There are 2 protein chains.
Amino acid sequence: MQPTTGAPSPSATRRPTVKDVARVAGVGVGTVSRVLNAEGKVSADSRSRVTAAIDELGYVRDTAARELRRGASASVGLLVEDVADPFYSQLHRAVESALDRHDLTVLAASSGGSSSQVRRIVDGLAARRVEGLVVTMPMDADESRLASMQRDGVHVVFVDRPALTFEADSVLTDSRRGARMGIEHLLARGHRRIAVLLDDARNFTSGERLAGVLDAIDAAGLARDAVEVSQAAPDVEAVAARLASLLAGEEPPTAIFSGNNRTTVATLRATRALGVRLDVVGFDDLELADLLDPPLTVVAQDASAIGAIASQLLVDRLDGHDGPARRRLVDPVLIVRAP
Amino acid sequence: MQPTTGAPSPSATRRPTVKDVARVAGVGVGTVSRVLNAEGKVSADSRSRVTAAIDELGYVRDTAARELRRGASASVGLLVEDVADPFYSQLHRAVESALDRHDLTVLAASSGGSSSQVRRIVDGLAARRVEGLVVTMPMDADESRLASMQRDGVHVVFVDRPALTFEADSVLTDSRRGARMGIEHLLARGHRRIAVLLDDARNFTSGERLAGVLDAIDAAGLARDAVEVSQAAPDVEAVAARLASLLAGEEPPTAIFSGNNRTTVATLRATRALGVRLDVVGFDDLELADLLDPPLTVVAQDASAIGAIASQLLVDRLDGHDGPARRRLVDPVLIVRAP
DNA sequence: GCGGGAGGTGGAATCGATTCCACCTCGGAC
DNA sequence: GTCCGAGGTGGAATCGATTCCACCTCCCGC
């Protein structure tokens with residue numbers, strides 16, 4: 001009954017396309033496209049009529065159609081373990097603001113450390129034809145998909161750990177150096193029995209940090225048993241148990257070097273619960289660390305710098321840079337908060 | 001010279017399309033599509049040949065083409081002030097994991113509180129044809145674009161503050177109640193001179209929290225001058241100056257209620273610097289609050305719950321729910337950490 | 001006067017997945 | 001034997017922006 005030409009309800013109006021814009025502006029679609037993309041020659045007259053038509057119709061160009069035709073998407077994927085983790089969320093922000101300047105959209109996703117999630121996310125990003133990828137991967141995740149995307153022209157930058165099975169740019173905190181700085185600080189304060197609590201040994205950074213700890217000990221000409229190293233997942237109860245047993249030992253440590261954020265927090269809670277006051281140096285800064293009693297000295301990583309540098313490497317590649325894989329080390333900073 | 005039929009280099013091989021899959025599987029493209037989308041009738045035989053062909057070719061379906069044809073994108077936008085802010089990053093994570101279960105991709109972006117960025121981001125999300133939007137906006141940002149997207153069938157959920165100029169679902173912490181709880185806690189501890197440091201008065205939550213503060217005072221039958229309220233941007237120096245002047249006054253406050261995260265941190269630093277010990281209650285929890293001296297009592301917001309509920313409201317709408325705008329209040333929790 | 005380059009322009013073909021319609025083949029009901 | 005519906009299937013048309021080619025008009029140089 002309702003004739004198809006009847007006045008459509010406002011919400012039913014099809015959204016305008018380039019064709020509509022062309023019609024209203026009295027030009028061809030080619031000209032509209034040239035205006036939209038600010039390329040090719042367009043007379044000032046045509047240009048102004050097109051922009052007027054765009055405003056009049058409230059035209060927004062459809063990203064899907066553009067991407068389909070272009071075969072690429074003006075976006076880059078950011079794969080992290082958890083977007084809510086302060087380290088990664090700062091990284092995210094830095095990447096976002098660096099790439100925003102190049103009109104690239106960031107598609108961020110959390111893997112939760114699960115390899116199957118990693119696969120799903122990477123496939124999804126490939127399906128979206130991202131132009132680049134900034135990734136942190138669990139150690140056991142399969143990198144082959146990333147390698148094949150790289151061969152297909154997608155620029156890949158690893159952060160927090162390097163690629164293991166193929167050549168790719170990477171940006172890492174110099175963990176080894178940071179750990180060394182932390183231990184040297186404790187040694188300088190006179191400690192000779194230091195408990196070192198590191199992350200799971202399968203973790204790349206954990207190995208680096210262990211090496212840095214040993215560097216410090218060796219450089220000081222001390223015996224390796226000046227440090228008591230544990231490598232385990234940063235679990236609150238496990239850390240507490242470990243600390244309790246260390247402190248109950250014959251030669252209890254007088255200081256603790258904690259290899260990551262969560263272990264540091266667990267350590268602080270545990271020492272508080274045990275009623276002991278020990279010098280603690282943690283890897284990764286914590287908000288309020290300066291207000292603790294005793295204040296917490298840390299080796300701080302600069303997540304924003306890592307994100308900015310990773311973005312820069314990516315943008316270089318997108319701009320045509322075609323050298324071998326680069327590795328950038330970002331210096332950690334020792335923030336001494338002595339009591 | 002090089003014949004066009006010559007063996008292409010591996011990286012030059014065009015990526016396979018449904019057509020290729022169809023050819024290899026010996027079926028039509030319609031059948032391939034039916035398999036990919038698990039809809040319509042397909043014989044077991046065809047199905048297995050299609051999946052085999054997909055594996056063999058390493059086919060991944062192109063999202064842009066799919067979205068173009070479908071006219072929608074199986075994704076929702078998340079617009080926050082800053083993805084690196086702990087509150088928003090937790091919200092982000094919660095939204096991400098809730099929507100992941102419905103095969104929706106989250107496109108997150110930070111506005112940095114700038115209205116022009118808000119406009120850019122919203123336009124970008126509209127161009128991507130998101131099916132829904134979870135947004136926090138600066139108070140002065142223009143909502144009309146969101147309203148028109150809503151008319152076009154995009155489901156919009158506000159978080160942290162309600163929509164002001166149109167009807168939309170929203171999920172908010174019950175700030176008023178939270179502030180009241182915080183003040184009542186301080187009153188119960190005997191305080192009768194409380195400094196209240198709130199965010200900028202233009203901020204929606206700031207007004208709510210002020211109301212909650214007054215609720216508590218009124219309910220206790222006290223005179224309003226039991227509280228000394230300031231509303232200002234959470235700037236470290238400003239807070240320090242304000243506190244110094246309050247403490248130098250005739251009847252200095254014996255406790256402080258701080259209306260947000262950053263003000264709380266500024267307050268703690270300032271009291272530490274001034275060498276005074278005051279009871280402090282803060283709105284928003286902080287990671288190490290329990291390890292401070294004195295420990296910090298807080299009114300905690302549940303960012304994850306807010307994200308989960310917002311996602312739920314969105315999913316309902318996507319599933320066809322079509323009622324009036326809903327407002328969900330999430331209860332804050334008073335976490336008492338008495339010395 | 002003519003050739004040719006620069007400045008502009010229109011529009012058909014294209015990207016790849018989905019959708020819809022036409023159509024095929026059985027098997028069973030009558 | 002015929003009809004019908006259910007189970008399946010192929011493939012052309014479609015979504016909307018970009019791209020490329022053909023073509024048009026000046027204007028300059030010789």
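This one's a predicted model, so the numbers in the text were calculated from it and none came from an experiment. A note on names: the letters A, B, ... follow the listed sequences, proteins ahead of strands, and every chain is numbered from 1.
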Next on the checklist: Between the side chains of Asp316(A) and Arg326(A), is the shortest nitrogen-to-carboxylate-oxygen separation below 4.0 Å, so that they form an ion pair?
Outcome noted: yes
Checklist entry - Is the closest basic N to carboxylate O distance between Glu67(B) and Arg66(A) below 4.0 Å? => result no
Next on the checklist: If you compare every side-chain N and O of Ser46(B) against the phosphate oxygens of dT9(D) (OP1, OP2), does one of them come in below 4.0 Å?
Outcome noted: yes
Item to check | Spacing of Arg23(A) atom CZ relative to dT9(C) atom P, expressed in whole Å | outcome: 19 Å
Checklist entry - With a 4.0 Å cut-off, would you call Arg327(B) and Asp169(B) a salt bridge? => result no
Item to check | Salt bridge present between Asp100(B) and Arg120(A) (N-O < 4.0 angstrom) | outcome: yes
Next on the checklist: Treating primed atoms plus P, OP1 and OP2 as sugar-phosphate and everything else as base, which nucleotides of nucleotides 13-23 of chain D get B, S or - for protein heavy atoms under 4.0 Å?
Outcome noted: BBBBBBBB---
Next on the checklist: Students often mix this up, so state it plainly: with edges at 30° and 60°, are the rings of Phe158(B) and Phe166(B) parallel, tilted or perpendicular?
Outcome noted: perpendicular
Next on the checklist: Quick check on dG8(C): is either OP1 or OP2 less than 4.0 Å from any side-chain nitrogen or oxygen of Ser43(A)?
Outcome noted: no
